[in-house]
Q: 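If you scroll down you'll find the structure; I have some questions about it.
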Amino acid sequence: MGVKLQNIIVRKHIRYQDLVGKIIAIDAPNIIMGLFNFTRKNPDASDASLILDRTQRPIFHLYGLLYRVNFYYSKGIFPIFCFDGKVSELKRVVSKDQLKDFLFTQKWYELAVKESNKKLARQIALSKEYMWQNIIKESKQLLGALGIPYIESPASAESQCAYLVKKGIVNFSNSQDFDSILFGCPSLIQNLSKSLRRKVQGKWQYQKIQTLHINLHKNLKNLQISLFQLIDVGILIGTDYFPGITGIGPKKALTLIRKYKNIETLILKEYQNFDFHELTPYIIKRVRKIFVFPEVLESLDNIHWNFPNKTRVMSLLCREHHLDKNRVNSNLAKFEKNYKTCRENFIFKKDYLKPKQATLDYLL
DNA sequence: CGCAAATA
DNA sequence: TATTTGCGG
């Protein structure tokens, strides 16, 4: 769950009109996780409150993505979804065994459905071997059918999004996590959704929120540190790749890094105040490398926003998942309309198609 | 989340 | 017309 940078990073409200005709890289796993956390019947976060179809599989990603992409198009935004590839071994490991597990579990699930063993099907559908892999698989299928481009990053989705912004291929990245800025993403957008409300932890209650923009360059200037040093701050607080040092939060990490310039000096001077036992030179080097030189997909041919393939969408949503036909149809109609106006906008502002000069690389 | 129907 | 409620399978 991303690095806790919210207290030291300045975020500015951004209006929808500033996003018209812009291309935004979407951190797909992050946004899907958001849909998962929200689309529930009860405030308790148990799987029991998920909405399932008659094949006992969750459907939050299907409705969620259809609605969300519709929302992007309605605001004149062109989304490119980025998915995780094989994630670094320091992060949650998706091994080959697990991939094999999924294929096996998938077969097992299909058998349970065939035998109308509802209880078993449900158990498998919600198991961790099956559910997330299948959610991701179906999300890609749906995006493909909707004519939305997506990229499978060799490493993490966030680093791929950051790369696209850095290269000027897209205008913004959209992720709720702050990890993107450690990856050097110059321009990050948060809370990009229609309802602009968020569930308060564990309660059946909402708080109003607004769409926010983070300018990395301005923030570094404001914090008076370099991106390298911000990464060191992140390592101290804790990221997906290292749990962090107990007793050091965002404020303290910032003060310490400002004072000592880097983690090495900090450990040398403050070793009696904190437990740096876990933070070996090897770990420091590895985590820094992940953020500074992430593996990304560089060849990006055939990025297109196509007309939705209605037959394929209907087949996935209604035939496979038994979603309400009328509901899907009316949404598809809106979708096509939004797509058309969006496309006219884009053709009108053709210059966005050409990748701009690579943005200033703060690292060099 | 996002929609549609109900409510003030 | 603006805000709340309940539902999706």
Side-chain angles (χ1 to χ4, degrees), chain A residues 16 19 24 26-77 79 81 109 112-113 116-126 130-132 134-136 138-139 142-143 146 148 174-177 189-212 308 313-339 342:
Chain A
Y16 290 137
L19 300 176
I24 302 190
I26 313 289
D27 178 357
N30 183 267
I31 263 54
I32 293 169
M33 188 56 95
L35 297 170
F36 170 74
N37 287 329
F38 212 113
T39 318
R40 287 161 182 284
K41 284 192 276 196
N42 307 306
D44 72 281
S46 74
D47 288 342
S49 66
L50 280 173
I51 297 167
L52 310 176
D53 66 8
R54 74 175 74 147
T55 70
Q56 302 305 300
R57 288 178 293 184
I59 55 153
F60 62 88
H61 56 306
L62 302 174
Y63 270 140
L65 285 176
L66 178 63
Y67 290 145
R68 186 60 70 87
V69 176
N70 218 341
F71 166 74
Y72 293 144
Y73 272 164
S74 77
K75 297 295 173 196
I77 297 166
F81 282 73
Y109 168 80
V113 171
S116 336
N117 188 340
K118 210 170 162 180
K119 208 175 154 191
L120 182 63
R122 184 193 175 95
Q123 199 187 335
I124 301 168
L126 296 177
Y130 184 87
M131 189 172 95
W132 283 106
N134 195 55
I135 296 286
I136 295 298
E138 290 178 345
S139 297
L142 177 60
L143 290 170
L146 287 172
I148 306 294
N174 176 24
S175 174
Q176 291 302 110
D177 282 353
I189 290 186
Q190 298 183 323
N191 304 338
L192 188 55
S193 62
K194 190 169 184 181
S195 76
L196 294 177
R197 45 180 213 168
R198 180 174 304 150
K199 198 182 271 165
V200 179
Q201 258 266 286
K203 286 181 185 171
W204 207 215
Q205 207 177 49
Y206 304 94
Q207 73 176 112
K208 292 240 175 198
I209 50 171
Q210 55 178 13
T211 308
L212 298 170
V313 175
M314 291 306 281
S315 162
L316 178 65
L317 300 191
C318 302
R319 221 194 51 199
E320 271 198 57
H321 283 277
H322 311 279
L323 301 191
D324 187 81
K325 255 188 183 168
N326 291 328
R327 205 183 253 245
V328 175
N329 257 325
S330 66
N331 272 289
L332 266 175
K334 276 184 214 162
F335 189 94
E336 281 191 333
K337 192 179 135 261
N338 286 331
Y339 168 77
C342 209

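Order of the sequence lines fixes the chain letters, A, B, ..., with proteins taken first and strands second; residue numbering starts at 1 for each chain. Hydrogens, waters and symmetry mates are skipped; everything else that's a heavy atom, side chains included, is used.
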Q: With a 4.0 Å cutoff (strictly under), does any side-chain N or O of A:Tyr63 reach OP1 or OP2 of C:dG9?
A: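 So the side chain of A:Tyr63 is within the cut-off, an N or O lying under 4.0 Å from OP1 or OP2 of C:dG9.
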Q: Whole Å only: how far is the CG atom of A:Leu317 from the P atom of B:dG2?
A: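 Whole-Å distance recorded here is 16 Å.
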Q: Closer to the 5' end of DNA chain C via nearest nucleotide, is it A:His321 or A:Lys208?
A: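 The residue whose closest nucleotide sits nearer the 5' end is A:Lys208.
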Q: Is the shortest side-chain N/O distance from A:Lys334 to OP1 or OP2 of B:dG2 below 4.0 Å?
A: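 It does not, given that no N or O in the side chain of A:Lys334 lies less than 4.0 Å from OP1 or OP2 of B:dG2.
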Q: Does a side-chain N or O from A:Arg327 land closer than 4.0 Å to OP1 or OP2 of C:dG8, or not?
A: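 Checking A:Arg327 against C:dG8: no side-chain N or O falls below 4.0 Å of OP1 or OP2.
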Q: Checking A:Asn117 side chain against A:Ala112 main chain: does a donor-acceptor pair fall under 3.5 Å?
A: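 No.
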Q: Between C:dG9, B:dC3, B:dC1, which one does the side chain of A:Ser193 approach most closely?
A: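 Selected nucleotide (nearest to the side chain): B:dC1.
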Q: Given B:dC3, C:dG9, B:dC1, which nucleotide is nearest the side-chain atoms of A:Asn331?
A: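 Closest of the options to the side chain of A:Asn331: B:dC3.
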Q: Could you tell me the separation between the CG atom of A:Asn326 and the P atom of B:dA5, rounded to a whole number of Å?
A: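 Checked: the CG to P distance equals 12 Å.
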Q: Report yes or no: do A:Thr55 and A:Asp53 form a side-chain donor-acceptor pair below 3.5 Å?
A: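 Yes, A:Asp53 and A:Thr55 have a side-chain donor paired with an acceptor closer than 3.5 Å.
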Q: I want to check something: taking the side chain as every heavy atom from C-beta on, are A:Tyr72 and A:Leu192 in contact at a cut-off of under 4.5 Å?
A: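 Side chain of A:Tyr72 against side chain of A:Leu192, heavy atoms only: contact under 4.5 Å found.
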Q: At 4.0 Å (heavy atoms only), tell me whether A:Leu66 reaches a base, stays on the sugar-phosphate, or touches nothing.
A: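 Result for A:Leu66 = nothing.
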Q: Would you confirm whether A:Ser330, through its side chain, and A:Arg327, through its main-chain N or O, come within 3.5 Å as a donor-acceptor pair?
A: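 Yes; at least one donor-acceptor contact below 3.5 Å.
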Q: Nearest-Å distance, NZ (A:Lys325) to P (C:dG9)?
A: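 Atom-to-atom, A:Lys325 to C:dG9, this comes out as 14 Å.
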Q: Using whole Å, what does the distance between atom P of nucleotide C:dG9 and atom CD1 of A:Ile59 come to?
A: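 My rounded result for the distance is 6 Å.
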Q: For A:Leu317, which of A:Ile59, A:Val328, A:Asp324 qualifies under side-chain contact (heavy atoms from CB on, under 4.5 Å)?
A: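 Filter result, single survivor: A:Val328.
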Q: Calculate the interatomic distance between A:Asn37 atom CG and B:dG2 atom C1'; express it in whole Å.
A: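 The answer, rounded to whole Å, is 16 Å.
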Q: Whole Å only: how far is the CZ atom of A:Phe71 from the C1' atom of B:dC1?
A: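 Going from CZ in A:Phe71 over to C1' in B:dC1 covers 11 Å.
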Q: Round to the nearest Å and state the distance from A:Arg68 atom CZ to B:dC1 atom C1'.
A: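 Value for this atom pair: 7 Å.
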Q: Rounded to the nearest angstrom, tell me the gap between atom CD1 in A:Ile51 and atom P in C:dG8.
A: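 Rounded to whole Å, this separation is 8 Å.
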